[in-house]
Amino acid sequence: MRPLRALLLMLCLALPLPLAAQQDAPPAPATLVADRIDFDENMLTASGAVEVFADGRILRATRITYLREEDRLLVEGPLTLLDGPDTIVIADFASLSSDLRNSILQGARLVLDQRLQIAATEIATGAEGRFTQLYQTVASSCEICAESEVPIWQIRAKRIIHDTEKRQLYFENARFEVAGIPVAWFPRLRLPDPTVERATGFLVPRFSDDGQLGTGITLPYFIALGPSRDLTLAPFFTTNDVQSLGYRYRQAFNNGAIEIEGAFSGDDIRPGELRGYVFAEGAFLLPRDYRLEFDIEAVTDETYLLDYEITEKDRLDSRLALTRIDREDRVLGEVIIFRSLRDGEENRFLPTRILTVERERRVPRPILGGDLVWKLQAHGRERSASNVPEGLPANSARDVQRASLALDWRATRVTGPGVVATAIAGVDVDAFNVRQTDEFDDDLIVRAIPFGGFELRMPLTRSNANGVRHLIEPAAQLIVAPSDAPDTPDEDSLTPGFDEGNLFSTQRFPGRDTRELGTRLNLGLSYTRYDPSGWELGGTVGRILRTADLDQFLTGSGLSGDASDWLVSTTAEYNDRFQLLQRSIFDDSFEFTRAETILRWQSSRHSLETRHTWLLADEEAGRPIDTSEWTVDAALNLTREWTGRANWRYDFVTDDPSRAGVGLTYQSECLTVDFDVERRFTSNDDLEPSTKFGLGVQLVGFGADERRDRRRRCGI
């Protein structure tokens, strides 16, 4: 430390301007720290390591001259001026007021938020400090490499005005250059500075090329309507005379939020028609812990969502729900409207309108030493058709209303040897009102199905000296229930599942229209290995044995017969980086009914998710042929800046791909370029296979971005 500097010679300069927050307050002093100070009655000169502090601004230089009569500072460079945490100015020479606001700097460079650099021959700031004018400028957020003094991109302008209050940059006579080559000219251009998170203006454009829609461009425009709401409009134009306007509206409230997105389109795919879609969702917190949710999905025609690559969803559901959930209670009231976009499904003959009111409660006090849960439900499904056309199934116009009561009681005890014993009892009572069908003789059907049983588990554990723990748990569950019940319409229990999650469930039908009957024995054995290094391995083997085959389950479910198929599942996990799941359902002769393999693997350099699904053909379940499908979704960091992506979906039964795509992203500290190619192979009478190309370019440095600390190596 220099001896003179150690003396901390400080001089307080009386400023002519008062503090902005207190107009009657005394002038705010500036503080000068320097290695050496020389002064007389007209002038003060500071030299060495000089620093001036004034109202949050800091000036650093090697020599400063203060003129008392003019109340100004003359600064010889190199100098650095820090104005808050987001603005740095580096210059060769400066003339500043004593509060460092009113200034003229020559040979200067302005750095905003450590990302955007603007070089200028001169920078001038007014006395109020709001507007900064830069002349003969070059702006870029790219680093300058030794091999080339030309950045990847830059904007040259005659003048730039920086409005520090609105945090906007105004360019005059601007020229955009890529690698030094002019590509665009703008007489006027406005861009947000790097500190702005939300500002009205154009977003990143997207270029695309599609076999059906043609070559086009999307120009999204963001409108900030306030601190809690905004609107984005996205016009889309192509060479095939496609004219589309996409939109997204978002608003946050004190007790919730809504988001609405959609589009209006005109094209040659359906000439003369106005096409479009709307998806809307929202949630609100209401008094007494109630929650209101809505989800709306609507589209003008069956192929619009696929034509414009919005989603592959082929059954839309709009929902309005009122819920409340606490420790002991759950209340639900919801209305759902379905619409199918699938070929061969006519919505008039599908249960498209559904109403459910439900309350479920766990009794807080033990009942006969166990926990009791009861559920009340009112449920209705309606088809818009009023009669059954000739040649269609008998349920094509059927409407169903149902009232249900369910009681479930369980008491668990741990015996001395460590066996966990659970007693089970319950009853399901349902009353159906069936209309517009000849399937059922009586309009009102009442059904009561009691059940009871017990479950035994014996968890066995062992720990090794290295910290590895092993857990083996055999389990058996016996459920006794009636073997028959009145015939009832089945609307919400058509596809029962079979996996390790419901192996020991008293009911395997997803809805309440059908309840599982008969006495059965659920058997299973599970094993789990826990390793301190982060690895976790596990497996489950299970099967269901019945006293009789009641023909309740479809062949493809793996649950049919007096003995179900074998259920075998294995898992392997390593922290959050690796996951492998394999689940198979097969019979005694190793004929597979279902099989699924899922692999997820990710690190700092790559991510991979691949899945293979096998389903046995089942006509009754609407699956006339076997299903064997493989999907892949992967990404790999090729270098620090380049990332490759690929996705793939292949049908082994038809020996054809259904979708494939590749993409490439370049991302540096100043630029992001996205390129992707997507091929859809599926087709029908109204939809042709198509290939789509997409290109997006984003300049970093205008508006907030997460790449503050990212640095680019020289060269692409």
Please determine whether side chain to side chain contact (heavy atoms under 4.5 Å, CB included) holds for the pair T87 and L82, giving the CA-CA distance in whole Å, both sets of side-chain angles, and the decisive distance to 0.1 Å. CA-CA 6 Å; T87 303; L82 308 178; over 6 Å; no
Go through the steps for E122 and Q106 under the test side chain to side chain contact (heavy atoms under 4.5 Å, CB included), then give the verdict. CA-CA 4 Å; E122 182 176 293; Q106 297 178 353; 4.3 Å; yes
Candidate pair T125 and T164, rule side chain to side chain contact (heavy atoms under 4.5 Å, CB included), full reasoning: CA-CA 11 Å; T125 302; T164 58; over 6 Å; no
Apply side chain to side chain contact (heavy atoms under 4.5 Å, CB included) to the pair Q251 and L225, showing each step before the final yes or no. CA-CA 9 Å; Q251 183 167 357; L225 301 175; over 6 Å; no
Begin from the C-alpha positions of R649 and T631 and carry the test side chain to side chain donor-acceptor pair (under 3.5 Å) through to its verdict. CA-CA 4 Å; R649 180 178 295 174; T631 62; 5.9 Å; no
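Of the possible donor and acceptor atoms, one in the side chain of S318 sits under 3.5 Å from a partner among the backbone N and O of E297. Of the possible donor and acceptor atoms, one in the side chain of T121 sits under 3.5 Å from a partner among the backbone N and O of Y135.
In terms of the salt bridge (Lys or Arg N to Asp or Glu O under 4.0 Å) criterion, residue partners of E76 (sequence neighbours excluded) are, by chain and number, R63. Residues satisfying the ring pair (Phe, Tyr, Trp, His ring centres under 6.0 Å) criterion with F171, sequence neighbours excluded, are absent altogether. By the salt bridge (Lys or Arg N to Asp or Glu O under 4.0 Å) test, E69 pairs with no residue at all, sequence neighbours left out. Residues satisfying the salt bridge (Lys or Arg N to Asp or Glu O under 4.0 Å) test with R175, not counting sequence neighbours, are E177. A search for salt bridge (Lys or Arg N to Asp or Glu O under 4.0 Å) contacts involving R206 returns D676, not counting sequence neighbours. By the side chain to side chain donor-acceptor pair (under 3.5 Å) test, D314 pairs with R342, sequence neighbours left out. A search for side chain to side chain donor-acceptor pair (under 3.5 Å) contacts involving S244 returns S265, not counting sequence neighbours. With sequence neighbours excluded, the residues satisfying ring pair (Phe, Tyr, Trp, His ring centres under 6.0 Å) with Y247 are F264. When the ring pair (Phe, Tyr, Trp, His ring centres under 6.0 Å) test is applied to F202, the partners found at least two apart in sequence or on another chain are Y221. Remark: F236 pairs with no residue by the ring pair (Phe, Tyr, Trp, His ring centres under 6.0 Å) rule, at least two apart or across chains.
A 4.5 Å side-chain heavy-atom check between F294 and F284 finds at least one atom pair inside the cut-off. Between D163 and F131 the shortest side-chain heavy-atom distance falls below 4.5 Å. Inter-residue side-chain proximity for L116 and D193 is flagged as unmet; no heavy-atom pair is nearer than 4.5 Å. Residues W153 and S141 meet the side-chain proximity criterion, which asks for heavy atoms closer than 4.5 Å. Using a 4.5 Å heavy-atom threshold, the side chains of L169 and L112 count as touching. Residues T300 and R270 form no side-chain contact, since every pair of their non-hydrogen atoms from C-beta on lies 4.5 Å or further apart. Considering only heavy atoms from C-beta on, R275 comes within 4.5 Å of T303 through its side chain. With contacts defined as side-chain heavy-atom distances shorter than 4.5 Å, the pair D674/L695 does not qualify.
A donor-acceptor pair shorter than 3.5 Å cannot be found between the side chains of T238 and N240. No side-chain N or O of Q168 forms a donor-acceptor pair with one of Y170 less than 3.5 Å apart.
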Could you tabulate the donor-acceptor pairs under 3.5 Å formed by side-chain atoms of residues 252-262, not counting sequence neighbours?
{"residue": "N255", "atom": "ND2", "partner": "L285", "partner atom": "O", "Å": "3.2"}

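Atom CZ of R577 has 12 or fewer heavy atoms from other residues, nucleotides or ligands within 6.0 Å. With a 6.0 Å radius and a threshold of 12 heavy atoms from other residues, nucleotides or ligands, K158 has its NZ atom at or below the threshold.
In terms of heavy-atom proximity, L191 sits nearest to I155 at CD1-CD1, 4.2 Å. Contact between L245 and P235 at its shortest, heavy atoms only, is CD1-N, 3.9 Å. Of all heavy-atom pairs between A61 and L79, the closest is CB-CB, 3.9 Å. Shown here for P220 and P205, the closest heavy-atom pair between the two residues is CD-CA, 4.1 Å. Of all heavy-atom pairs spanning R109 and I123, the tightest one is N-CD1, 4.4 Å. Nearest heavy-atom pair, N637 versus S604, reported as atom, atom and distance to 0.1 Å: ND2-O, 2.9 Å.
Using a cutoff of 4.0 Å between basic side-chain nitrogens and carboxylate oxygens, R680 and E312 are not scored as salt-bridged.
For the atom pair CD (E51) and CG (D35), the distance works out to 10.0 Å, reported to the nearest 0.5 Å. Between the CZ atom in R229 and the CZ atom in R198 there is a gap of 10.5 Å [rounded to 0.5 Å]. Distance check: E641 CD to T643 OG1 gives 9.5 Å after rounding to the nearest 0.5 Å. Atom OG1 of T639 and atom OH of Y666 lie 8.0 Å apart (nearest 0.5 Å). Of the inter-residue distances, the one linking Y304 atom OH with L341 atom CG reads 13.5 Å to the nearest 0.5 angstrom. Note that the CD1 atom of I152 and the CG atom of L671 stand 6.0 Å from one another [nearest 0.5 Å].
With L213 as reference, D210 is the one residue of T215, D209, D210 to meet the side chain to side chain contact (heavy atoms under 4.5 Å, CB included) rule. Checked against Y66 for a side chain to side chain donor-acceptor pair (under 3.5 Å), the options D71, N42, T45 give a single hit: D71. Of the listed residues (R645, K692, R659), just one forms a salt bridge (Lys or Arg N to Asp or Glu O under 4.0 Å) with E678, and that residue is R659.
For residues 247-256, the salt bridge (Lys or Arg N to Asp or Glu O under 4.0 Å) pairs, not counting sequence neighbours, are D230-R250.
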